[in-house]
Amino acid sequence: MIDRQKFNSFFSDFSPEVLAEIIDVVFSEYEDRLILIRSFMASRNFPELKKLTHKLVGDNFVDMDPVLKEISDKYDQVAINFREAGLDSIHADFEKQSVLFIEELKAIKKELIF
């Protein structure tokens, strides 16, 4: 769940229109990342998976959702260490939380449009 206080504080200097555009970019980039992550998971391409999970850990939007941040950190550690153990479970948690994250961003964007 997105920490709305942290989100509002971080983006307080942006107009609703600009923030809506930023959210649109996040949708696009996040969807692209999910497609690649799924592909690298299926092929167990740990070097590429590591690159993507590491980018997620540093993502400002992911940082707004403490649960997604925690899962992304675990995912990153598994990918960095090329460990199979727990990978499928972490990936499933990541997918589930990503859906919730995107839905919350959609709701925030809807609130911005008046």
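Start at 1 with the first residue, then count along the sequence. Only this structure's heavy atoms are used, side chains among them; waters, hydrogens and symmetry mates stay out. If you're wondering where the values come from, they're calculated on a predicted model, not measured in any experiment.
- Looking at heavy atoms from C-beta onward, I23 lies in side-chain contact with F61 at the 4.5 angstrom threshold.
- Both F82 and I90 are part of a single hydrophobic cluster, where members link through side-chain heavy atoms under 4.5 Å apart.
- Scanning all heavy atoms of the two residues, the minimum distance from F94 to S72 falls at CE1-OG, 3.9 Å.
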TODO: Apply side-chain contact (heavy atoms from CB on, under 4.5 Å) to D59 and R33, showing your working.
DONE: CA-CA 12 Å; D59 187 295; R33 284 185 191 172; 3.1 Å; yes
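- The only option from E95, E48, E31 that meets the salt bridge (Lys or Arg N to Asp or Glu O under 4.0 Å) definition with R38 turns out to be E95.
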TODO: Kindly indicate, with the supporting measurements, whether the criterion side-chain contact (heavy atoms from CB on, under 4.5 Å) is fulfilled by R44 and L49.
DONE: CA-CA 8 Å; R44 295 301 204 244; L49 187 61; over 6 Å; no
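- Using a distance-only test at 3.5 Å, with no hydrogens or angles considered, no donor-acceptor pair links the side chain of S28 to the main chain of D24.
- Within the model, atoms CD1 of I2 and CD of E103 stand 10.5 Å from one another, a figure rounded to the nearest 0.5 Å.
- Shown here is N81, whose CG atom has more than 12 heavy atoms of other residues, nucleotides or ligands within 6.0 Å.
- Residues meeting the ring-ring contact (aromatic ring centres under 6.0 Å, His included) test with F10, sequence neighbours left out: none.
- When all heavy atoms of M1 and P66 are compared, the closest pair comes out as O-CD, 3.2 Å.
- Minimum interatomic distance between A79 and T53 (heavy atoms only, all atoms of both residues): CB-OG1, 3.7 Å.
- When all heavy atoms are compared, the tightest approach of K50 to D76 is O-OD1, 3.8 Å.
- With rounding to the nearest 0.5 Å, the separation of CG in L105 from CD1 in I22 is 11.5 Å.
- F46 and I80 fall into different hydrophobic clusters, where Ile, Leu, Val, Met, Phe, Trp and Tyr are joined by side-chain heavy atoms under 4.5 Å apart, directly or via other members.
- The number of heavy atoms from other shown groups lying within 6.0 Å of CD (Q5) does not exceed 12.
- One distance of note links CG of L68 with CD of E104; it measures 10.0 Å at 0.5 Å rounding.
- Every residue meeting the side chain to side chain contact (heavy atoms under 4.5 Å, CB included) condition with E70, not counting sequence neighbours, appears here in chain and number order: K74.
- Both F27 and I108 belong to a single network of hydrophobic side chains, linked directly or stepwise wherever heavy atoms of I, L, V, M, F, W or Y lie under 4.5 Å apart.
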- [ ] For side-chain contact (heavy atoms from CB on, under 4.5 Å), just list the numbers for D65 and F7, CA-CA rounded to whole Å, side-chain angles, deciding distance to a tenth of an Å, and then say yes or no.
- [x] CA-CA 9 Å; D65 183 331; F7 183 92; over 6 Å; no
Task: L87 and Y75: CA distance, side-chain angles, deciding distance, side-chain contact (heavy atoms from CB on, under 4.5 Å) verdict - done: CA-CA 7 Å; L87 182 62; Y75 209 165; 3.7 Å; yes
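- Considering only heavy atoms from C-beta on, H91 stays 4.5 Å or farther from V78 through its side chain.
- With sequence neighbours excluded, the residues satisfying ring-ring contact (aromatic ring centres under 6.0 Å, His included) with F14 are F11.
- Within 6.0 Å of NE2 in H54 there are 12 or fewer heavy atoms belonging to other residues, nucleotides or ligands.
- S9 places no side-chain N or O within donor-acceptor distance of the main-chain N or O of K6, the cut-off being under 3.5 Å.
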TODO: Please lay out, stage by stage, how R4 and E111 fare under the test salt bridge (Lys or Arg N to Asp or Glu O under 4.0 Å).
DONE: CA-CA 12 Å; R4 290 299 293 266; E111 292 171 13; 2.7 Å; yes
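- Across L36 and L52, no two heavy atoms sit closer than the pair CB-CD1, 3.4 Å.
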